[in-house]
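Below, read A as the first sequence line, B as the second, and so on, with proteins coming before strands; counting in each chain starts at 1.
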Amino acid sequence: MDYATLEPSLYTVKAVFILDNDGNRLLSKYYDPELYPSMKEQKNFERNVFNKTHKADNEIAFLEGMTVVYKSSIDLFFYVVGSPQENELMLVAVLSCLFESLSQILRKNVERRCLLDNMEGVFLIVDEIIDGGVILESDPQQVLQKVNYRVDENPLSEQSVAQVLQSAKEQIKWSILK
Amino acid sequence: MELKQGPNSRHSHTGFPGVTGNGSNPFQHLEKSAVLQEARIFNETPINPRRCLHILTKIIYLLNQGEHFGTTEATEAFFAMTRLFQSNDQTLRRMCYLTIKEMANISEDVIIVTSSLTKDMTGKEDVYRGPAIRALCRITDSTMLQAIERYMKQAIVDKVPSVSSSALVSSLHMVKRSYDVVKRWVNEAQEAASSDNIMVQYHALGLLYHLRKNDRLAVTKMLNKFTKSGLKSPFAYCMLIRIASKLLDETEGGHDSPLFDFIESCLRNKNEMVVYEAASAIVHMPNCTARELAPAVSVLQLFCSSPKAALRYAAVRTLNKVAMKHPSAVTACNLDLENLITDSNRSIATLAITTLLKTGSESSVDRLMKQISSFVSEISDEFKVVVVQAISSLCQKYPRKHSVMMNFLSNMLRDDGGFEYKRAIVDCIISIIEENPESKETGLAHLCEFIEDCEHTVLATKILHLLGKEGPRTPQPSKYIRFIFNRVVLESEAVRAAAVSALAKFGAQNDDLLPSVLVLMQRCMMDSDDEVRDRATFYMNVLQQKQKALNAAYIFNGLSVSIPGLEKSLHQYTLEPSEKPFDMKSVPLATAPITEHKTDMAPIATSKLPEKLAPSRQDIYQEQLAAIPEFQALGPLFKSSEQVQLTEAETEYVVRCIKHTFARHMVFQFDCTNTLNDQLLQKVVVQMEPSESYEVTNYIPATSLPYSQPGSCYTLVQLPDDDPTAVSCTFSCTMKYLVKDCDPNTGEPDDDGYDDEYVLEDLEVTVADHIQKVLKANFGAAWEEVGDEFEKEETFALASVQTLDEAVGNIISFLGMQPCERSDKVPENKNSHVLFLAGVFRGCHDVLVRARLALADGVTMQVTVRSSEETVVDVILASVG
């Protein structure tokens with residue numbers, strides 16, 4: 001962990017991923033081709049990180065030699081991974097920007113179902129926050145402006161009342177179960 | 001836990017009506033072929049943006065899940081997607097960019113979208129421009145980059161921040177592939193750096209640094225400019241701090257430098273991220289004094305009580321590192337650290353405790369250890385390793401606590417844990433055994449118990465090796481035999497072979513055990529594995545001779561040659577069949593292993609990649625030198641010295657020398673760097689004038705030394721054959737070269753040059769350059785093996801030396817020999833000490849030195865030297881005197 005070997009660089013983020021409450025990958029981006037090059041290694045890493053973090057909301061952990069900052073919301077887990085020498089607060093800045101931006105486009109319903117219904121928006125937001133490991137933007141307002149994404153107004157009318165109730169129930173359940 | 005939900009009407013119309021299994025994930029049962037089928041609607045007119053958008057999302061989702069797309073199907077989908085550029089739906093267009101980036105590597109002919117992207121990049125829709133640039137750069141290779149260069153330059157200085165940022169970041173990505181093109185955009189990047197937008201500042205700074213990092217002068221100028229003008233972006237500040245501390249480190253700049261002042265001033269920045277970066281940079285500087293550390297430590301102390309876990313973590317992790325070198329600097333934070341022991345984040349609690357273990361007093365050790373044991377099972381392996389390392393350093397600090405520690409370690413050894421964790425524990429126990437002779441037996445007993453049920457071959461063999469080394473010299477060697485022989489019965493080949501080697505050492509050292517060991521050996525000769533059988537047969541035959549010298553040479557102290565060197569020599573031997581038997585003396589010696597303890601916090605060193613057997617520094621030199629035709633006849637490289645500086649820091653040219661010793665020659669390798677950007681040096685040689693009968697026979701020049709690119713030239717010197725005692729010599733050195741003035745920017749040299757020279761500092765060759773360190777694991781056996789045929793003894797008074805430690809250090813560095821049996825460590829409060837040194841003299845003569853030291857008004861030293869060659873003994877005694 002020699003600080004001297006930390007070459008000044010813009011490449012801050014090694015990986016970012018969003019998992020559901022079973023630890024399944026909903027979105028994953030790895031920016032360092034040397035870190036877990038194969039899909040199998042990536043999913044192993046995600047599984048390991050999930051197992052070590054989903055029980056306690058501790059914000060930060062050190063796993064497999066990487067610094068991992070994380071945050072959970074209802075049935076979702078957000079992770080940002082950086083090198084052990086990285087400034088932890090930079091990683092936290094990325095994580096909060098991601099979370100705030102998503103929270104805005106999902107109208108504060110940061111839960112799995114809502115996220116999956118707006119997956120294109122999620123992809124676009126991640127793309128505006130990090131480009132190839134470089135922090136592109138860290139201000140949620142700027143991100144939203146750049147993405148200019150609107151949640152589809154229609155699904156509500158298309159969904160039956162029963163479904164809306166079901167989805168509400170689910171949300172309440174998860175917030176209690178946490 | 002899965003919650004059932006009805007099918008989602010919004011998605012069901014797009015082609016998978018029956019999705020009910022995990023209804024809350026509309027992507028759960030996506031089939032690649034079905035999605036690709038759906039992608040055909042991309043060709044329908046008019047385009048239905050909403051449906052197409054959804055299909056693109058599915059494709060990206062599938063790629064993200066690791067679904068494999070064949071080249072043909074990917075290319076087909078990609079080409080269909082290009083049609084969507086006709087739609088003006090914003091989100092759809094943005095998803096097209098994402099698809100292009102995702103498919104850039106799996107589809108063919110992605111450059112087909114170049115013109116569409118170029119159009120978007122230069123168009124009126126600002127929302128498109130940034131992302132279009134990033135997609136375009138993703139698919140552009142160096143040959144095509146020239147075509148869009150003009151647009152890129154414009155984009156970098158564009159007044160819309162997202163456009164400028166995208167262009168800067170994309171340029172940074174392309175530096176790796178097309179440095180030569182991107183470096184022409186420096187002026188634009190410079191302009192962007194003065195933008196008002198904080199992210200543009202940050203990205204411009206990053207690109208500028210990347211383009212200039214090899215030009216120290218330019219980096220210095222850039223730093224001066226930005227530290228004065230003051231940036232607004234906290235990210236950019238962090239970057240500046242890193243650049244400044246790297247520059248300080250490289251130039252070995254003192255802490256009175258303006259760069260240090262800049263970093264220190266950042267401790268007062270209003271952004272925590274910057275403050276932490278600055279504190280961390282100061283803490284990691286080598287040679288920081290307590291006074292310089294104090295302000296950094298006090299901001300970290302404040303962070304310890306932050307409500308943000310990440311900040312507490314960062315602070316305590318950094319304090320932990322300070323505590324390794326400067327425990328007293330952290331004592332002020334003890335109270336804050338105590339509060340963190342109960343932190344709900346166990347990583348923070350662990351770091352706090354391990355820091356306290358380093359800073360606290362001996363009396364608090366027991367309490368802290370108890371606290372750790374209460375939650376050690378809850379923390380991750382990485383942090384368990386941190387705990388073990390803290391214990392390890394604690395044992396060095398408070399040797400009296402070793403029994404508490406040993407108990408704690410043995411409990412940890414019994415718990416579950418991965419390889420790295422177990423290895424850390426085993427290493428820690430081994431180091432305690434080595435430091436405290438009285439803990440040896442308990443330690444060995446714990447390790448014996450551990451190998452009874454150990455799944456890690458590496459650890460089992462390591463412990464067996466240790467048992468073989470230490471066990472025979474304990475009062476009751478017989479009790480270890482059972483543990484070792486159990487391994488022969490139960491384990492894999494590698495462990496069985498190690499066990500056989502360990503057994504042989506018991507037989508060689510203890511005469512009363514020899515008959516039993518021979519019986520056991522006999523059984524091992526029936527093993528199913530070749531290696532185990534071969535070892536057993538070999539040891540059996542050696543042991544039966546009952547000769548001390550044989551035991552010493554073949555059982556206690558193994559081969560001391562370099563393994564890669566041996567491999568190469570044997571290969572060479574098989575290529576050139578010869579009547580002569582293979583000569584072990586033609587193999588270069590192994591350089592002594594570095595035994596100093598690493599104090600770095602090493603969970604980071606737990607690299608995920610398997611460790612490769614890295615060739616040693618000397619193996620690399622051997623290879624480099626052998627590639628030079630003039631040096632091919634010199635035989636194997638005997639020894640390479642450390643680098644010697646022949647110039648002051650901060651001069652026009654930097655020259656360092658490495659002395660390579662061969663059997664009859666020495667090669668001086670001069671690594672030269674030209675730090676003047678308006679000069680090109682050619683035909684560089686270093687002329688040497690020896691003071692003794694050494695003879696310079698050849699100069700190999702460095703053909704060309706452009707600015708800041710290091711190059712090497714060599715001087716070959718013949719050692720005096722007629723006088724083997726002439727081991728020391730002083731050379732006066734002058735660097736001679738042809739100078740051509742050149743344009744500092746392009747590096748283009750003038751046609752004409754002139755000869756010039758530059759006087760370097762004198763270079764000394766000493767006796768240490770003729771001796772290679774060799775570690776004898778069992779010095780006593782080696783001493784007997786060499787015998788007293790050429791033994792000589794003399795007594796010296798070292799008047800200028802005040803302590804035994806100092807005397808030991810001086811002798812070791814003067815003779816350049818390997819201390820054995822840990823005799824380089826002088827126990828505290830002793831008035832006498834015996835130092836054992838081993839080495840090989842040039843020409844492959846073993847040489848052993850025993851120095852008895854006594855302290856009384858200066859140090860008196862009685863030196864006994866043994867060697868297989870008389871002149872060597874004389875040379876050593878003469879040079880000591």
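Nearest heavy-atom pair, A:Met90 versus B:Cys238, reported as atom, atom and distance to 0.1 Å: CE-CB, 3.4 Å. Residues B:Tyr209 and A:Pro8 approach most closely at CE2-O, 3.5 Å, considering heavy atoms.
A distance-only check finds a donor-acceptor pair linking the side chain of B:His203 to the backbone of A:Ile135 [under 3.5 Å]. Side-chain atoms of B:Arg94 never come within 3.5 Å of backbone atoms of A:Gly121 as a donor-acceptor pair (strictly under, hydrogens ignored). At least one donor-acceptor pair closer than 3.5 Å links the side chain of B:Gln65 to the backbone N or O of A:Arg25. With hydrogens and angles ignored, the 3.5 Å screen pairs a side-chain donor or acceptor of A:Asn87 with a backbone N or O of B:Met273.
Residues B:Asn64 and A:Ser28 have side chains in contact (heavy-atom distance under 4.5 Å, counting atoms from C-beta outward). Counting only heavy atoms from C-beta outward, the side chains of B:Met239 and A:Leu10 approach each other to under 4.5 Å. Using a 4.5 Å heavy-atom cutoff, the side chains of A:Asn148 and B:Gln90 are in contact. Two residues are said to be in side-chain contact when any heavy atoms from C-beta on lie closer than 4.5 Å; A:Glu59 and B:Asn345 fail this criterion. Annotation: side chain of A:Asn58 is not in contact with side chain of B:Arg346 (no heavy-atom distance under 4.5 Å). Side-chain contact between A:Leu26 and B:Tyr61: present, with at least one pair of heavy atoms (C-beta onward) separated by less than 4.5 Å.
Identified by a heavy-atom distance below 4.5 Å to chain B, the contributing residues of residues 41-52 of chain A are A:Lys43, A:Lys52, in residue-number order.
Of all the listed residues (A:Val92, A:Thr67, A:Val69, A:Leu63), the one sharing the greatest number of non-hydrogen pairs under 4.5 Å with chain B is A:Leu63. Contacts with chain B were tallied for A:Gln142, A:Gln145, A:Lys29, A:Glu128; A:Glu128 has the most, counting heavy-atom pairs under 4.5 Å.
Using a 4.0 Å cut-off between a side-chain N of Lys or Arg and a carboxylate O of Asp or Glu, B:Lys246 and A:Glu7 qualify as a salt bridge. For the pair A:Glu86 and B:Arg242, the salt-bridge criterion is met [side-chain N within less than 4.0 Å of a carboxylate O].
Only the side chain of B:Pro131 comes within contact range of chain A, judged by heavy atoms closer than 4.5 Å. B:Leu98 touches chain A through its side chain: at least one heavy atom from C-beta onward sits under 4.5 Å away, while N, CA, C and O do not. Interface residue A:Thr12: only side-chain heavy atoms are found under 4.5 Å from chain B. Looking at B:Glu67, there are no atoms closer than 4.5 Å to chain A (heavy atoms on both sides), in backbone or side chain. At a 4.5 Å heavy-atom cutoff, the contact between B:Leu53 and chain A is made by side-chain atoms alone. If you measure heavy-atom distances from B:Tyr97 to chain A, you find no contacts under 4.5 Å at all.
Atom CG of A:Asn118 is separated from atom OG1 of B:Thr57 by 10.0 Å, given to the nearest 0.5 angstrom. Here OG of B:Ser166 is found 5.5 Å from CG of A:Leu136. Values are rounded to the nearest 0.5 Å. In this structure, the separation between CG on B:Leu351 and CZ on A:Phe62 is 9.5 Å, given to the nearest 0.5 Å. Summarising the geometry, atom OG belonging to A:Ser9 is positioned 7.0 Å from atom CG belonging to B:Leu172; distances are rounded to the nearest 0.5 Å.
Residues B:His173 and A:Tyr11 bring their aromatic ring centres within 6.0 Å.
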Show your working on side chain to side chain contact (heavy atoms under 4.5 Å, CB included) between B:Met95 and A:Leu124 and close with a plain yes or no.
-> CA-CA 7 Å; B:Met95 286 303 277; A:Leu124 290 177; 4.0 Å; yes
Just do the side chain to side chain contact (heavy atoms under 4.5 Å, CB included) check on A:Lys146 and B:Val127 with the steps written out, would you?
-> CA-CA 6 Å; A:Lys146 288 185 194 171; B:Val127 197; over 6 Å; no
Between B:Lys101 and A:Asp127, does a side chain to side chain contact (heavy atoms under 4.5 Å, CB included) hold up when you go through it step by step?
-> CA-CA 10 Å; B:Lys101 291 202 274 190; A:Asp127 182 61; 2.6 Å; yes
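Within 6.0 Å of NZ in B:Lys176 there are more than 12 heavy atoms belonging to other residues, nucleotides or ligands.
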